[in-house]
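Below you'll find the structure, written out as structure tokens, and then a few comments.
We use all heavy atoms of the structure for the numbers below, so side chains are in, but hydrogens, waters and symmetry mates are not. Every number for a ligand or one of its atoms is a count from 1 in the order of the listing.
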Amino acid sequence: MDRKEAEKKIQELRAVLWENSRRYYVDNAPVISDYEYDHLMYELRDLEREWPDLVTPDSPTQRVGSDLASDYERPSVEGGTESRFTKVPHRYPMLSLSNTYSLSEVEEFASRAEKSLERSFTYCCELKFDGTGISLTYVDGVLARALTRGDGTVGDDVTVNVRRIANIPQKLSGKGWPREFEIRGEILMPFKAFEQLNAERLEDDEPLFANPRNAASGSLKLLDPEEVGRRGLWCTLYHIPSQFIDFAATHSEALDKAASWGLPVSPDRRICADIDEIEDYLTYWDTARKDLPYATDGVVIKIDSLAFQEELGYTAKFPRWAVAYKFKAEQALSEVLSIDYQVGRTGAVTPVANLFPVPLAGTTVKRATLNNEEWMRLLDIRIGDWVYVEKGGEIIPKIISVDLSRRPEGAVEPEFPKACPDCGTPLVKSEEEARWFCPNSTGCPTQIKGRLVHFLSRKAMNVIAGDATIDQLFNLGLVRTPADFYSLTKTQLLMLEGWKERSAERFLQSLDASRKVSFDHVLFALGIRYVGEQTAKEVARHFGDIDTLAAADVNELLEVPDVGDVIARSIYDFFRYGGNLSVIASLKAAGLRFSMDEGAVKQSDSLSGKTIVISGTFSVSRDEMKALVEANGGRNSSSVSGKTDYLLAGNNPGPEKIRKAADLGVKVIGEEEFFSMLPARNVPAEDAFVLKDDENESTLF
Ligand code: IVH
């Protein structure tokens, strides 16, 4: 390759890496695997080694991948939430690790270290946790600040969110901690919490997180700390910058101390004397990690002595005293039998490959997503191809690559449909979406049925009905819009195959009870694109009623926490479409709640005149606790002041609130004491719209 060609290739690689770094760190929606990303990076690194004068300081090989949207030209798809966190410089840069998939490179790392140190030393081997980086600062034993890695120099201040993570202590225990120090680690989303979150997102037709790492990173940057608290995030800490350590001579001793102060440090590390012991550790954890409750993507090998670390020093991007050995994700090889194009309730069309059944990580995989047309093109997939499938924590396996050497002759190139596979309407695609959509929202049967299923679903109107019922009602032409449910009669229901008096009555009763469902759930039930349960809650609370919301312009919508450009535009457009307005008018006429006040049922005056601040988590949601305060005549406030009567503290209350309450002499009460102040019938689970915990099946996937 001559210089000119090298220059061109370098430019290309930088552009691809840059774009994929944004997708990974900011959008939390990568379209290529870590393995592919790392290999593109190695290709660039090797070219730059060959042509050192072509290295520029802004090359991805010289910079830590940034999680700040402002570092990229295009804003985050999640909707401009990024700029709302304060940017704070790190006291010491937060670096990345040099990584490799090859054992021989680990051996080279070890022999380089041996050569340059010329004394005997040990390694500390640890798991490489697959989450998002965090730096915590403790001052006088109290958590003072939490910053994301950002671009390595400046991070986002996410302290309010980190305070909601259950295993991060607000106060240290034990003794001997420095007056002020930083400790770094990873915020993770355990597999269980990840599966639950994605199941909810599937039900809400919100884009799924590709893996627990993306989910952790997206959750950490939410603007609603309470929602962050609900996401079940977890933390593990693995690095104290040496500038803060005067209490230990080695990295592992420093971590032992940190653990003794109550900080979450993984016990799964091992001191290794040589490369053989390192390889034993790698082999052991490549299998054993599958039983861990959270994702790991490799092992980190560190020189344990802090003095030796200092001696080896750093490059611009990495320490020279550590290397990450990455595991390749578990994959299966199978044959593509056909490709389906599934239409969701929002009209999004997803290509899904039907595969020859193949075992992978404990289950048999028969179908795997191809995400969107762009991914299909990148893969250059054909029907009949042999493909590698990965699960990596995802609910839906994904096709990662095609084994071109096995391509059968005459393998057919799939054609992404130009028209909706269900109703035939030409598909459309906007600039910022990678997905094609069927725009026929009011005429496409799959979309209509999908919306009806969503409308009745548990977290929306909570009406007991399965997909089969909706199919029956739709096929007989009895229901086209959600409003039609409310004019159904018993006689009509008895016409349906298999329906009896009792089932018809139960269905009608359930519909009737749904008239009491609060406005935020009704808003969620309307199925506005990108408006999930949490966003609906925020929007309903912010605007109070549907008329004010319908009249809001995009700027007013942007004032709602967690609403960015994409969501604001979607809500705005929804209320500009006449068909939606007429459905809302009919639902109003049917007696559904379209204002927040309507749901506030007065229960008693027991808390009359009392101002209450709620902090921590309880056996019921905080929203329910707040509703109980109001229903019993009390007032909620968010900060403790001289006017506060009670601080209602649950598990993990904010330490500042506790301290302030103590300073001001405000009485602190717990959950039990709170309930004892209310009339006996106010049991926490009393919730008008909870009829039965009956999961509705989603029409998607
Ligand atoms: S040590 C000075 N230890 O992996 C470098 N990093 O791909 C300090 N990571 O940026 C980092 N597990 O966010 C270290 N046991 C571990 C780790 C770990 C995960 C992350 C970290 C780093 C990234 C590099």
Open item on the list: For the 3.5 Å polar cut-off, considering only N or O atoms, please tell me whether Asn99 and ligand 1 meet it.
Closed with: no

Open item on the list: Heavy-atom contact check, 4.0 Å cutoff: does Ser96 meet ligand 1?
Closed with: yes

Task: Enumerated ligand 1 atoms positioned under 4.0 Å from heavy atoms of Leu95 - done: 10 (O)

- [ ] Measure from atom 8 (C) of ligand 1 to every heavy atom in Arg269, Arg184, Lys317, His239 and give the option owning the shortest one.
- [x] His239

Task: Nitrogen or oxygen of Phe129 less than 3.5 angstrom from that of ligand 1 - done: yes

Task: Salt-bridge present (Asp380, Arg377; N to O < 4.0 Å) - done: no

Open item on the list: Using the rule ring-ring contact (aromatic ring centres under 6.0 Å, His included), only one of Tyr138, Tyr92, Trp177, Phe181 pairs with Phe244; which is it?
Closed with: Tyr92

- [ ] Note the single closest protein heavy atom to atom 10 (O) of ligand 1, along with its residue, its atom name and the distance in Å.
- [x] Arg149 NH1, 2.9 Å

Task: Polar atom proximity, Pro319 to ligand 1 (N or O, under 3.5 Å) - done: no

Task: Charged N-O contact under 4.0 Å between Arg23 and Glu374 - done: yes

TODO: Identify which one of Lys302, Lys128, Arg269, Glu186 satisfies the side-chain hydrogen bond (donor to acceptor under 3.5 Å, both in side chains) criterion when paired with Tyr238.
DONE: Glu186

- [ ] Could you tell me which atoms of ligand 1, counted from 1 in the order shown, lie closer than 4.0 angstrom to a heavy atom of Leu127?
- [x] 12 (N), 15 (N), 16 (C)

Open item on the list: If you take the nearest heavy atom of each of Met94, Lys302, Gln309, which one is closest to atom 3 (N) of ligand 1?
Closed with: Lys302

- [ ] Report the C-alpha distance between Thr61 and Arg45 in whole Å, list the side-chain angles of each, state the deciding distance to 0.1 Å, and finish with yes or no for side chain to side chain donor-acceptor pair (under 3.5 Å).
- [x] CA-CA 6 Å; Thr61 57; Arg45 179 196 63 190; over 6 Å; no

Open item on the list: So, regarding Trp321 and ligand 1 (criterion: nitrogen or oxygen to nitrogen or oxygen, under 3.5 Å), is there a contact or not?
Closed with: no

TODO: Work out whether the distance between some heavy atom of Asp130 and some atom of ligand 1 is less than 4.0 Å.
DONE: no

TODO: Measure the distance from atom 7 (O) of ligand 1 to every protein heavy atom, then report the residue, atom name and distance (to 0.1 Å) of the closest one.
DONE: Lys128 NZ, 3.0 Å

TODO: Decide, yes or no, whether a salt bridge links Lys9 with Glu5 under the criterion of side-chain N to carboxylate O below 4.0 Å.
DONE: no

Open item on the list: Here's one to test your reading of the geometry: is the NZ or CZ of Lys328 within 45 degrees of the ring axis of Tyr35 and under 6.0 Å from its centre?
Closed with: yes

TODO: Could you please spell out the steps behind the side chain to side chain donor-acceptor pair (under 3.5 Å) verdict for Asn99 and Tyr42?
DONE: CA-CA 10 Å; Asn99 67 43; Tyr42 301 154; 2.6 Å; yes

Open item on the list: Check this for me: does any side-chain nitrogen of one of Arg163 and Glu656 sit under 4.0 Å from a carboxylate oxygen of the other?
Closed with: yes

TODO: If you have a sec, work out which protein heavy atom is nearest atom 24 (C) of ligand 1 and how many Å separate them, to one decimal?
DONE: Leu97 N, 3.6 Å

Open item on the list: Would Tyr238 count as being in polar contact with ligand 1, using the rule that some N or O on each side must be under 3.5 angstrom apart?
Closed with: yes

